[in-house]
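Input: a single structure, listed below in C-alpha cells.
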Amino acid sequence: MKYQDIDWDRIWREGRAGKSWKKRGNSDWDKRAPSYAKRQVGTPYADRFVKMMNPQADWTVLDVGCGPGTLALPLAPLVKKITAVDFSAEMLNELQARCATQGITNVKSLQASWTDDWQAKNIPIHDVAIASRSMSVEELGRALRKVNDWAAKKVFISDRVGSGPFDPELFKALGRNFEPGPDYIVTLNILYRMGIHPNVDYIHFERSKYFSSREDAVKGCHWMLDSLTAGEQLKLEAYVDERLRQNNDGMWVFTRRTPIKWAVISWEKE
Ligand SMILES: C[S@@+](CC[C@H](N)C(=O)[O-])C[C@H]1O[C@@H](n2cnc3c(N)ncnc32)[C@H](O)[C@@H]1O
C-alpha cells in the first residue's frame with residue numbers, strides 16, 4: 001500500500017458519518033447559541049489560542065465559524081479588523097450583542113457557510129484566516145483550500161485531539177456508544193497532500209473543572225447529550241456526583257478521566 005493511495009477526504013467523510021455527536025445544520029447551532037456562548041466566551045481556550053497567534057495591530061482577520069465570538073472578541077482590540085463568519089444567525093446575534101456591550105466596533109459579522117460562494121458574498125482575502133473548532137464540513141480538503149486561499153499571510157485552525165471536549169466515560173455510564181469521529185490527524189494529512197507542512201501546537205486542559213454549583217457541573221456535561229430520558233438524566237447526575245467534590249472555597253470541582261486536548265494547526269503563506 002502506498003501513502004498516496006489513502007483517500008483522507010473519504011476517511012474524514014466516513015468517520016463523520018459514524019460519529020455520535022452530530023450537529024449538521026445552522027438551526028442546530030442556532031438552538032445551542034446562548035448556552036454555547038455562556039460556556040465558551042472568556043475561557044482559557046480562547047486566551048491560549050490568541051496568544052499562539054501573536055496577533056499584530058495591522059492584521060485583518062477572517063474568523064470562519066466564529067460562533068459567539070470566542071476568538072473575535074479577545075482579538076478585536078489586538079488587530080485592525082475582523083470579519084466574523086458563521087452560518088448560524090443566533091451565534092452572530094450573540095457576537096453582536098457582546099460587541100455592543102464591550103464597545104467593539106472593528107468586528108463585522110457576516111452570515112455564510114463554508115460551502116457558500118465567498119466571492120459572491122464579497123468576503124475579501126484577509127491577512128490571517130482562522131477556523132477554531134469549526135471545520136464541520138463534509139469536504140474537508142475543499143474547506144482547507146478555501147481557508148488557505150482567503151489568507152494572505154497566515155492560517156490558524158484548531159481541531160479535536162481524540163475525543164476533544166467529549167467525555168467517553170459519560171457516554172459509557174449512560175449505556176451509550178461513543179464514536180468521536182475523525183480528529184486533527186486527518187486534517188494534517190490532507191494539508192500534507194496539499195503541500196502544506198504546518199506547525200502543530202496543543203491546548204491541554206486539566207482533568208478538573210471548577211463550577212459554582214452542582215447544577216452548573218451537571219450542565220457542564222449535559223451539553224454532550226441532546227435528548228435524555230428520565231432514566232438517563234438520573235444516570236448523568238449520578239455520574240457527576242461521583243466525580244464532584246466541594247473545595248474549601250465552596251467551589252465544585254468536577255474531575256473526569258480523559259483530559260481535553262485541542263490541536264492548533266498553523267502555517268504561513270509562501
Ligand atoms: C464548536 S463552534 C466553534 C465556535 C468558535 N469558533 C469557538 O472556537 O468557540 C462551531 C461553529 O461553527 C459554525 N459552523 C458549523 N458548520 C458551519 C458551516 N458549514 N459554515 C459556517 N459555520 C459553521 C457553528 O455555527 C458554530 O458557531
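Ligands are counted one by one from 1 in listed order, and the atoms in each one are counted from 1 as well.
Under the 6.0 Å distance and 45° angle rule, Lys146 does not count as a cation-pi partner of Trp114.
Annotation: side chain of Phe205 is in contact with side chain of Arg48 (closest heavy-atom distance under 4.5 Å). Between Ile265 and Val155, the closest side-chain pair of non-hydrogen atoms is not below 4.5 Å.
Close approach to Ser113 involves these atoms of ligand 1, each under 4.0 Å from a residue heavy atom: 18 (C), 19 (N), 20 (N), 21 (C). With ligand atoms numbered from 1 in the order given, ligand 1 contributes 25 (O) to contacts under 4.0 Å with heavy atoms of Ser88. Each of the atoms 3 (C), 5 (C), 6 (N), 7 (C), 8 (O) of ligand 1 lies under 4.0 Å from some heavy atom of Ser132. Atoms of ligand 1 found under 4.0 Å from any heavy atom of Ser134, numbered from 1 in the order shown, are 12 (O). Atoms of ligand 1 lying under 4.0 Å from any heavy atom of Met91, numbered from 1 in the order shown and given with element: 27 (O). Counting atoms of ligand 1 from 1 in the listed order, those under 4.0 Å from a heavy atom of Ala112 are 21 (C). Annotation for ligand 1: atoms under 4.0 Å from non-hydrogen atoms of Gly67 are 4 (C), 27 (O).
Within the structure, the closest approach of Tyr36 to ligand 1 falls below 4.0 Å when heavy atoms are considered. The closest approach between any non-hydrogen atom of Ala46 and ligand 1 is not below 4.0 Å.
The closest side-chain donor-acceptor pair between Asp30 and Ser88 falls under 3.5 angstrom. Between the side chains of Gln40 and Thr70, no donor-acceptor pair is found at a separation under 3.5 Å. For the 3.5 Å distance criterion, the side chains of Tyr210 and Asn247 fail to qualify, holding no donor opposite an acceptor.
Considering backbone and side-chain atoms alike, Asp86 places an N or O below 3.5 Å from some N or O of ligand 1. Between Arg133 and ligand 1, at least one N/O pair is under 3.5 Å apart.
By the neighbour-count criterion of 12 heavy atoms within 6.0 Å, atom NZ of Lys108 is sparsely surrounded, having that number or fewer from other residues, nucleotides or ligands.
Using a 4.0 Å cut-off between heavy atoms, Cys66 contacts ligand 1 through its backbone alone, with no side-chain atom that close. Only the side chain of Trp29 comes within 4.0 Å of ligand 1, judged by heavy-atom distances.
Looking only at distances, a side-chain donor or acceptor of Arg160 sits under 3.5 Å from a matching main-chain atom of Pro180.
For atom 6 (N) of ligand 1, the nearest non-hydrogen atom from the set Gly25, Ala37, Gly65, Pro68 belongs to Gly65.
Less than 6.0 angstrom separates the ring centroid of Trp262 from the ring centroid of Tyr45.
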